[in-house]
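Below: one structure, written as structure tokens.
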Amino acid sequence: MNKRLFFPLLIVALGIAPLARAETPQFALVLQNHRFVPAELQVPAGKRVKLVIENRDPTPEEFDSYDLRREKVIAGNSKGEVWVGPLDPGSYSFMGEYHAETAKGRLIAK
């Protein structure tokens, strides 16, 4: 490839990459007292989304969802990210596996 074309194309490509990431919807979930807040979260159907989960408990928790086919251990007093989708419209349950009796939630894709 011609060097005069390579560098302008590289600059354009590097400039487009942050824009693509900025368009990804992010949603926050907090885990506190072994419960998810909010317990129900609406997300756009047909889009890949990032869930940012903040574990405010001192103990680890595993975000687990059979519906979403995702598992992620999040250490105590830390954050973790879980990518899901694109999802069909509907309801998708999730839980904290280590405290399944209290740490329950649901994603609603609309």
Side-chain angles (χ1 to χ4, degrees):
M1 175 181 273
N2 186 328
K3 287 183 183 181
R4 285 189 279 181
L5 290 175
F6 177 76
F7 289 110
L9 289 174
L10 179 63
I11 291 170
V12 168
L14 292 174
I16 290 172
L19 292 176
R21 274 186 259 132
E23 293 176 14
T24 302
Q26 292 187 38
F27 297 88
L29 279 172
V30 173
L31 187 63
Q32 189 167 6
N33 298 318
H34 308 301
R35 295 181 189 280
F36 285 103
V37 179
E40 188 172 288
L41 188 60
Q42 290 190 10
V43 298
K47 286 196 168 212
R48 185 170 163 90
V49 299
K50 179 167 68 170
L51 304 176
V52 179
I53 305 164
E54 180 183 358
N55 183 358
R56 293 183 183 168
D57 290 332
T59 56
E61 184 58 88
E62 182 174 358
F63 176 91
D64 193 9
S65 175
Y66 298 110
D67 294 345
L68 298 168
R69 297 186 194 130
R70 296 288 182 272
E71 294 181 51
K72 172 99 176 173
V73 175
I74 303 167
N77 298 312
S78 67
K79 290 183 181 181
E81 297 176 355
V82 176
W83 293 81
V84 298
L87 300 173
D88 291 330
S91 178
Y92 302 85
S93 65
F94 59 86
M95 68 176 182
E97 187 169 318
Y98 304 152
H99 299 91
E101 66 284 348
T102 57
K104 298 177 183 180
R106 183 169 301 285
L107 285 183
I108 307 295
K110 289 187 172 185

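Keep in mind that this is a model prediction, so the values were computed, not measured. The residues of the chain are indexed from 1 along the displayed sequence.
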Check the pair Asn33 / Thr102 against side-chain contact (heavy atoms from CB on, under 4.5 Å), numbers first and verdict last. CA-CA 9 Å; Asn33 298 318; Thr102 57; over 6 Å; no

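- A distance of 5.5 Å separates CD of Gln32 from CZ of Arg56, quoted to the nearest 0.5 Å.
- Rounding to the nearest 0.5 Å places NZ of Lys110 at 10.5 Å from OG of Ser91.
- Residues Phe94 and Leu51 are not in side-chain contact: their nearest non-hydrogen atoms beyond the backbone lie 4.5 Å or more apart.
- Using the six-membered ring where Trp is involved, Phe63 and Phe36 have ring planes that are perpendicular, over 60° apart on the 30 and 60° scheme.
- The minimum heavy-atom distance linking Ala109 with Asp88 is given by the pair CB-O, 3.5 Å.
- You'll find the side chain of Ser93 reaches within 4.5 Å of the side chain of Arg106, heavy atoms only.
- The backbone N or O of Tyr98 sits less than 3.5 Å from a side-chain atom of Glu61, completing a donor-acceptor pair.
- Nearest heavy-atom pair, Phe27 versus Gln42, reported as atom, atom and distance to 0.1 Å: CE2-O, 3.5 Å.
- A heavy-atom distance below 4.5 Å is not found between the side chains of Ile74 and Leu31.
- You'll find the side chain of Asp67 stays beyond 4.5 Å of the side chain of Leu107, heavy atoms only.
- Of all the heavy atoms in Ser78 and Ala75, the pair that sits closest is OG-O, 2.6 Å.
- Rounding to the nearest 0.5 angstrom, the gap separating the CZ atom in Arg35 from the CD atom in Glu101 is 9.0 Å.
- At least one side-chain heavy atom of Trp83 sits less than 4.5 Å from a side-chain heavy atom of Thr24.
- For Lys72, the NZ atom sits in a loose shell: 12 or fewer heavy atoms of surrounding residues, nucleotides or ligands are nearer than 6.0 Å.
- In the hydrophobic clustering of ILVMFWY residues, with side-chain heavy atoms under 4.5 Å counting as a link, Met95 and Tyr92 come out apart.
- Proximity of Asp57 to His99: side-chain heavy atoms (C-beta onward) are nowhere separated by under 4.5 Å.
- The same ILVMFWY cluster, assembled from side-chain heavy atoms under 4.5 Å apart, contains both Leu41 and Leu68.
- Counting only heavy atoms from C-beta outward, the side chains of Pro38 and Leu29 approach each other to under 4.5 Å.
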